[in-house]
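Structure, as structure tokens:
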Amino acid sequence: MKNTKLITMLCLGALIACSPSKKGLEPTSEQVSPRERLIENLRATPQKGIMFGHHDDTVYGIGWEFDEGGSDVQKVCGDYPAVISFDLGEIELGGDKSLDKVPFEKIRKEIINQYNRGGLVSLSWHPRNPKTGGDAWDVSDHAVVKSILPEGENYEKFQSWLGKVNDFILSAHGAADQIVYAYSTGTEPRDQASYLERYPGHDLIDVLGFDAYQREDKDFFLKSMDTSLSVIDSIGKANHKIIAITETGYEGVPDSTWWTGTLLPAMEKYPVAYVLVWRNAREKVTHFFGPYPGQASAEDFKKFFENPKTLFASDINLYK
Ligand code: BMA
């Protein structure tokens with residue numbers, strides 16, 4: 001549905017390299033800029049392996065929240081994810097917490113912690129619907145985009161919302177000029193034409209991605225992933241773009257060998273820079289997509305971690 005695509009577009013991931021501007025280390029003109037260095041390193045990682053990512057990994061997990069150094073992934077395998085994503089939903093409302101009740105100050109701190117690990121940070125933004133006031137999944141009105149364009153009644157409002165996102169990113173120590181943009185459709189790509197229907201253009205996008213969740217049986221998911229990866233791999237190769245599985249998972253991870261038996265085989269044929277599974281909700285019992293100690297797939301996740309084809313925080317430094 002149009003609006004769904006729009007909302008997906010509004011959740012464009014922005015991958016940032018937030019290098020606190022260390023004195024005297026700003027790149028001179030003949031040196032590569034931090035943004036160019038990040039892109040070069042993202043292009044190179046598939047030769048080494050696929051970076052593993054987890055949403056909200058270091059801000060909360062199963063049975064805990066806001067612990068210093070906390071991470072369900074690290075508790076299971078001893079290392080942090082190579083990629084951690086955070087969502088800025090409801091920053092537009094001017095409060096101090098996100099739509100998942102995470103203080104933005106905690107997110108800012110964890111962005112810098114992940115940078116200091118040499119890992120990647122991905123930011124998504126699930127804003128309120130600027131026309132109806134509903135949440136980011138409210139697709140009841142088909143004139144949302146029109147209302148936020150220059151002549152629209154919500155143009156000024158949405159511009160001020162974008163300003164709040166911009167101010168937050170700037171607060172992560174000079175990240176502003178080191179942003180890499182990912183285009184991530186909310187539905188699995190079936191063909192190039194439908195994938196690119198609302199694509200903003202190669203001049204704006206650096207990473208091609210998509211959302212894909214396992215809901216049906218394993219074979220259906222594997223076939224669907226292969227189609228989706230083949231679509232973005234073809235576009236990526238033709239336009240020199242990085243590809244990633246920007247959001248995936250199997251809710252509740254009910255398959256005890258899902259990591260080595262499904263996720264790895266689904267992607268290992270393609271030059272995927274990273275794969276990111278969604279959050280381990282602390283407030284919704286079955287709403288988790290990553291491992292945690294004692295969970296049925298935890299032992300298999302350790303095998304996934306040990307596999308040389310997967311990369312975690314200690315395997316990479318994207319800023320060198
Ligand atoms: C959705 C769900 C929601 C959450 C939102 C933003 O997929 O996990 O519970 O509020 O993402 O994180």
Side-chain angles (χ1 to χ4, degrees), residues 1 3-16 53-66 70-73 81 83-111 114 120-130 132-140 144 161 164-165 168-169 182-188 209-216 221 228 244-254 258 263 274-292 295:
M1 188 186 292
N3 288 17
T4 311
K5 281 261 191 348
L6 159 73
I7 286 166
T8 307
M9 289 283 287
L10 293 181
C11 304
L12 271 180
L15 314 175
I16 64 175
H54 186 213
H55 184 72
D56 277 353
D57 183 72
T58 52
V59 288
Y60 60 79
I62 305 303
W64 65 275
E65 66 174 13
F66 315 146
S71 158
D72 279 351
V73 166
V83 185
I84 300 178
S85 61
F86 301 101
D87 196 283
L88 301 181
E90 300 192 357
I91 200 167
E92 69 279 4
L93 303 183
D96 62 355
K97 289 194 181 66
S98 74
L99 76 176
D100 292 321
K101 308 287 181 282
V102 181
F104 292 114
E105 181 52 24
K106 176 65 175 169
I107 294 176
R108 196 180 67 80
K109 283 190 181 127
E110 290 308 324
I111 288 173
Q114 180 66 351
L120 183 70
V121 170
S122 166
L123 293 179
S124 56
W125 176 35
H126 286 89
R128 286 292 180 84
N129 183 312
T132 66
D135 65 21
W137 292 268
D138 172 6
V139 290
S140 57
V144 179
W161 286 10
K164 289 187 170 67
V165 173
F168 175 81
I169 290 176
Y183 170 76
S184 171
T185 54
T187 48
E188 295 81 349
F210 59 87
D211 292 15
Y213 283 89
Q214 178 166 347
R215 294 189 174 86
E216 302 77 15
F221 178 69
S228 301
I245 304 170
T246 42
E247 194 181 316
T248 189
Y250 190 7
E251 189 170 25
V253 200
W258 189 70
L263 185 62
Y274 71 88
V275 60
L276 184 127
V277 296
W278 204 238
R279 71 195 192 100
N280 283 7
R282 72 255 196 241
E283 80 287 357
K284 295 182 190 173
V285 180
T286 57
H287 192 64
F288 63 88
F289 301 84
Y292 61 87
Q295 200 272 335

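Along the sequence shown, residues are numbered consecutively beginning with 1. Read the numbers this way: they start at 1 and go in the same order the structure lists the ligands and their atoms. What you see is a predicted model; the values in this text were computed from it and never measured.
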Please check: side-chain N/O of E92 versus main-chain N/O of R128, any donor-acceptor pairing under 3.5 Å? yes

Residues that [X] engages under ring pair (Phe, Tyr, Trp, His ring centres under 6.0 Å), provided they are two or more places apart:
{"X": "H54", "answer": "none"}
{"X": "F288", "answer": "Y292"}
{"X": "Y213", "answer": "F289"}

If we count only N and O atoms by modelled type, under 3.5 Å, do the side chains of D100 and S98 hold a donor and an acceptor together? no

Which N/O atoms of ligand 1 sit under 3.5 Å from a protein N/O, and at what distances?
unit_1, atom_1, unit_2, atom_2, d
ligand 1, 7 (O), W278, NE1, 3.1
ligand 1, 8 (O), W278, NE1, 3.0
ligand 1, 8 (O), R279, NE, 2.9
ligand 1, 8 (O), H287, NE2, 2.7
ligand 1, 9 (O), R279, NH2, 2.9
ligand 1, 9 (O), K284, NZ, 2.7
ligand 1, 10 (O), D100, OD1, 2.6
ligand 1, 11 (O), W278, NE1, 3.2
ligand 1, 12 (O), D100, OD2, 2.6

Specify whether W258 and F221 have parallel, tilted or perpendicular ring planes, treating 30° as the upper limit for parallel and 60° as the lower limit for perpendicular. tilted

